[in-house]
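Owing to the predicted nature of the structure, the values given are computational and were not obtained by experimental measurement.
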Amino acid sequence: MQSSSIKSAIGHTLRRIGIYREVMKAQRILSDRSYRQNWLEVERDLATTRRSIGGFLNLGEHRADPKKELLVISSSDLPVLVKFHAMFAKALQLRGYTPIIVTKSYNKVAQEYFKLFGFGERNLLFWDHYVRDFGPRESEVRNIVDELLENRPPVSEIKDLKFRGVQVGKHALSRATRVLLRGQFDLNDSELRGIFSNHLADAIRSVLVAERFFDGHHVEKMLVRDAGYAPNGGIYEVGLLRGVDAIRMEMGQRRGCWLFKRYSLSTAGKALFSISEPTWEQLKDTPLTESQRKELDENFAERYDPASLMDVNLYQAGKRVVPEDSVRARLGLDPRKKTALVFSHISWDASFFDGEDVYDDYEQWLVETTRAASANPNLNWVIKLHPANVFKLKREDGVTEETEMIALRKLGPLPEHVKILHADTEINTRALFPIMDYCLTVRGTIGMETPCFGVPALTAGTGRYDGYGFTNDSRTREEYEEKLASLHTVAPVPPNQSELALRHAYWTLVRRQTSFEDVSEVSMRPVCEARSALHQNVRIRARSLEEFETAESIGRFSDWSTNSEAPDLIV
C-alpha cells in the first residue's frame, strides 16, 4: 500500500473513532515550534485564569430560570473573545437567564474557558454535533442549492438570495470570500461555483437546523457576534423571525470596549457600529457641550496616535505624522490641484454583513472608482489601501500583498495623477487630512470623520450613516460616477453639516463604546504578533461574584439587555 493510501486509511480510522483532531493537534505540537509555543501560552493563560476566577465565577447557576433561555452564539476559539462572551453570559445568568452557548466540539480552548465561568455540558451546544444529529439529508440540501443556483446568478442577485426568509446568499458569500481572501465571485468559474455552493449548503443547513433548535427551546434573548457568517447568520436570522430579542455584539475600537445593538426584522440591515435612526433623531438637534467636544478631540487624537494605549486596532503603529509638504512630495501630488482620497475596504472581511451597496462588492467599487479617477485629471487621486492588511494578512499563510492590488491590476498602468498608498506606508493617516479635499468610501468609519473637518465624504453604500445629513450619498452607479467626473467642483462641507457630523461622531465613536475596564483588563501585543492566539487578551479584575455583578459596566450592560427596548447601548 502506498504512503498516501496508508495515511488516508489512518485518517479515516481516526475520524471514525472521534480522535482525528486530537491526534493531528498532538502531531503539530511536536513538529511545529511556533504552534507549540502558542499552545503553551494558552495553557499558561488557562492556568492563570483558573487561579484568579475559578473559585467564584463558576457560581450563580441557581439564579437562572431553566425556562428563560439566553442563546449565545460564540463560534470562536480565541481566548479574548471566549472570555468576554462568558462574561456577558454570566452577567445575564445572574439576571435569571439560562445560557445556551453555541460553539464547536473541536473548540477545546473555548470549552476550557467556559468551564471556568460555570458553563459545562448543560450550557454548551456543539453546533457540529447538533447538525449531525438533527440536520436534513444531504440530498435535500443539495437540491435546494441546485435550484437556487440553477441560472448561475451574478453576485448582485446572489446577495438577495433568501431561504425561508433568511439571507443565505449573503452568509455564503461572506464565508466564501473570507476563506478565499477575494472579494469577487463569478459562478461561471466551475471551481468557484463549487466552493460557493458548499458554503451556500452550509448556510441553508444552518437555517433548517436552527428552526429545529428554536422549536424545542424557550429562547427569550440572543447574543451573537459575526452575524453575517454561516452558521451564525442563519441561527441569528431565524431567531429574528421567531421574535427573539436579538443583540449583536463586537469589540469596539477602544481597548476594553464593546459595541451592542438590539435588532429586529426591520433593522436587520443596519450596521452594528452605527447610531440607530430613533437614537439619532433624539440626539441630532442637541449641541455638544465643551466637555463633549474635548472628549471627541481626545478620541480623534488617540485613534491616530501610533503609541496609543487605547486604540485596539493599532492601525497606526510604526507610522509617522509627516509634514504636509513632505506628504505631497512623497506622493508626487500636483500642488495646483485638489486631492481626493479613496479609502479602500478589506474586500474579503465581513464584506456582505450589512446595508446595500451601489456596486456588487468592495472590489468592484474600488476598481470602478479608480477607473473614474483615472478619467478625471482635474484632481490628484490617492488610492489608500486599508491598513488592516498589515496584520490581517500575517494570519494567512503565503499571502504577502494586499488583495486589493490583484483587483486594481485589471486596469493596467495608472495615469500620473492617480497614486497608490500601500497599507505598510510609514505615513500616518492623520497626516493625510491637511492634503485631503474629498473622501470616498462605501461605508467606512472615515466617512463619518472627514465631514467633521469640512471634507466631503462620498459614500457608495447604505446601512451606517448615510442619509444622516452630513455625507454625499448616491443610490445608483450612474449617480455616483457622474459625481466623480465633476468632483473637483464640489464645495467643502458647510458648517451646519459639519456640526451634525461632529455630533454623530461623538455619540458613535465615544458614547457607543461600552468599556468593561472596571471589571476586566485588556492587553494588546504589537501588530507583528498578530498570529498569536493571545495577540489580545483579557484578565478579569473582579475577585468575587459580588464584585463582578456590582461592577458599573456589568450593571449597565445587564440593565440595558434585560430592562430596556432601546436599540443602542449608550454610556
* Asked: For the ring pair Phe300 and Phe453, is the centre-to-centre distance below 6.0 Å?
  -> yes
* Is any side-chain heavy atom of Val455 less than 4.5 Å from a side-chain heavy atom of Phe433? -> no
* Greater than 12 external heavy atoms within 6.0 Å of Arg164's CZ -> no
* Donor-acceptor contact present, side-chain Arg512 to main-chain Ser274, <3.5 Å -> yes
* Asked: Got a salt bridge between Asp466 and Arg475, using NZ or NE/NH1/NH2 to carboxylate O under 4.0 Å?
  -> yes
* Apply side-chain contact (heavy atoms from CB on, under 4.5 Å) to Val358 and list each qualifying residue two or more places apart in sequence or on a separate chain. => Ala460, Arg477
* With no hydrogens and no angle check, is any side-chain donor or acceptor of Thr462 less than 3.5 Å from a backbone partner on Gly355? -> no
* Asked: What heavy-atom pair brings Asn232 and Asp226 nearest, and what distance separates the two atoms?
  -> CB-O, 3.3 Å
* **Residue that, paired with Asn198, satisfies side chain to side chain donor-acceptor pair (under 3.5 Å) out of Arg175, Arg193, Arg142** => Arg142
* Structure fact -> Residues Val209 and Pro136: closest non-hydrogen pair is CG2-CD, 4.0 Å
* To the nearest 0.5 Å, how far apart are CG in Leu161 and CG in Leu148? -> 5.5 Å
* Structure fact -> What one should report as the nearest heavy-atom pair of Ala230 and Ala203 is CB-CA, 3.9 Å
* With distance as the sole test, does Arg320 use its side chain to make a donor-acceptor pair with the main-chain N or O of Ala431 at under 3.5 Å? -> no
* Asked: Roughly how far, to the nearest 0.5 Å, is the CG atom of Asp77 from the OG atom of Ser75?
  -> 10.0 Å
* Asked: Per the side chain to side chain contact (heavy atoms under 4.5 Å, CB included) rule, which among Leu484, Thr450, Leu366 passes with Leu440?
  -> Leu484
* Asked: Does Tyr468 use its side chain to pair, donor to acceptor, with the backbone of Ile275 at less than 3.5 Å?
  -> yes
* Asked: How about Thr369 and Tyr480: does a side-chain donor come under 3.5 Å of a side-chain acceptor?
  -> yes
* To do: Take the angle between the ring planes of Trp365 and His345 and call it parallel below 30°, perpendicular above 60°, tilted in between.
  => perpendicular
* To do: Please report the shortest heavy-atom distance between Ile158 and Pro153, naming the atom on each side.
  => CD1-O, 3.5 Å
* For the pair Lys159 and Asp360, evaluate salt bridge (Lys or Arg N to Asp or Glu O under 4.0 Å) and give the outcome as yes or no after the intermediate values. => CA-CA 8 Å; Lys159 289 194 295 184; Asp360 289 349; 5.3 Å; no
* Are Trp381 and Lys337 side-chain neighbours, meaning at least one heavy-atom pair lies under 4.5 Å? -> no
* Asked: So do the side chains of Ser561 and Ile247 get within less than 4.5 Å of each other, counting heavy atoms only?
  -> yes
* Can a salt bridge be assigned to the pair Asp354 and Arg464 using a cut-off of 4.0 Å between side-chain N and carboxylate O? -> no
* Under 3.5 Å: donor-acceptor pair, side chain of Gln253, backbone of Leu509 -> no
* Asked: Looking at residues at least two apart in the chain, or sitting in another chain, which of them share a side-chain contact (heavy atoms from CB on, under 4.5 Å) with Ala301?
  -> none
* Asked: Any ion pair linking Glu499 and Arg293 (charged N to carboxylate O, less than 4.0 Å)?
  -> yes
* So, Thr459 side chain and Val442 main chain: donor-acceptor pair closer than 3.5 Å or not? -> no
* To do: Examine Arg262 relative to Trp560 and say whether NZ or CZ is less than 6.0 Å from the centre of the six-membered ring and inside a 45° cone about the ring axis.
  => yes
* To do: Please confirm whether the backbone N or O of Asp334 pairs with a side-chain atom of Asn380, one donor and one acceptor, at under 3.5 Å?
  => yes
* Would you call Glu237 and Lys170 a salt bridge, using N to O less than 4.0 angstrom? -> no
* Should Ile235 and Val224 be marked as a side-chain contact (heavy atoms from CB on, under 4.5 Å) after you check the CA-CA gap, both sets of side-chain angles, and the distance that decides it? -> CA-CA 9 Å; Ile235 306 170; Val224 58; over 6 Å; no
* Under 3.5 Å donor-acceptor, Thr471 side chain and Asp473 backbone -> no
* Asked: Sub-3.5 Å donor-acceptor pair from the side chain of Gln316 to the main-chain atoms of Thr429, do we have one?
  -> yes
* Output yes when a side-chain donor or acceptor of Thr514 lies under 3.5 Å from a complementary backbone atom of Cys257, and no otherwise. => no
* Work out which heavy atom in Leu411 is nearest to a heavy atom in Val367; give both atom names and the distance. => CD1-O, 3.7 Å
* Quickly, which of Phe260, Trp258, Phe557 forms a ring-ring contact (aromatic ring centres under 6.0 Å, His included) with Phe84? Name it, please. => Trp258
* To do: Would you sort out whether His422 and Glu402 count as a side-chain hydrogen bond (donor to acceptor under 3.5 Å, both in side chains), showing the intermediate values?
  => CA-CA 8 Å; His422 287 275; Glu402 305 99 334; 3.2 Å; yes
* To do: Look up atom CE in Met524 and atom NE2 in His535, then write down how far apart they are to the nearest 0.5 Å.
  => 8.5 Å
* Cation over ring face, Arg503 and Tyr506, 6.0 Å, 45° -> no
* In this structure, which one of Phe273, Trp280, Tyr465 forms a side chain to side chain contact (heavy atoms under 4.5 Å, CB included) with Thr508? -> Phe273
* To do: To the nearest 0.5 Å, tell me how far Lys419 NZ sits from Arg330 CZ.
  => 15.0 Å
* To do: For Ser474 and Lys483, test the side chains for any donor-to-acceptor distance below 3.5 angstrom and give the result as yes or no.
  => yes
* To do: State, yes or no, whether a side-chain contact exists between Asn472 and Pro456 at a heavy-atom distance under 4.5 Å.
  => no
* To do: Taking all non-hydrogen atoms of both residues into account, name the closest pair between Val571 and Val510 and its distance.
  => CG2-O, 4.4 Å
* Among side-chain atoms of Lys270 and Ser276, is any donor-acceptor pair under 3.5 angstrom? -> no
* Asked: Does a side-chain N-to-carboxylate-O contact under 4.0 Å join Arg205 and Asp202?
  -> yes
* To do: Start with the C-alpha distance between Leu569 and Lys261, add both sets of side-chain angles, then the distance that settles side-chain contact (heavy atoms from CB on, under 4.5 Å), and finish with yes or no.
  => CA-CA 7 Å; Leu569 174 52; Lys261 185 184 286 292; over 6 Å; no
* Spacing of Asp245 atom CG and Lys221 atom NZ [to the nearest 0.5 Å] -> 3.5 Å
* Asked: In Å and rounded to the nearest 0.5 Å, what is the CZ to CG distance from Phe470 to Leu500?
  -> 7.5 Å
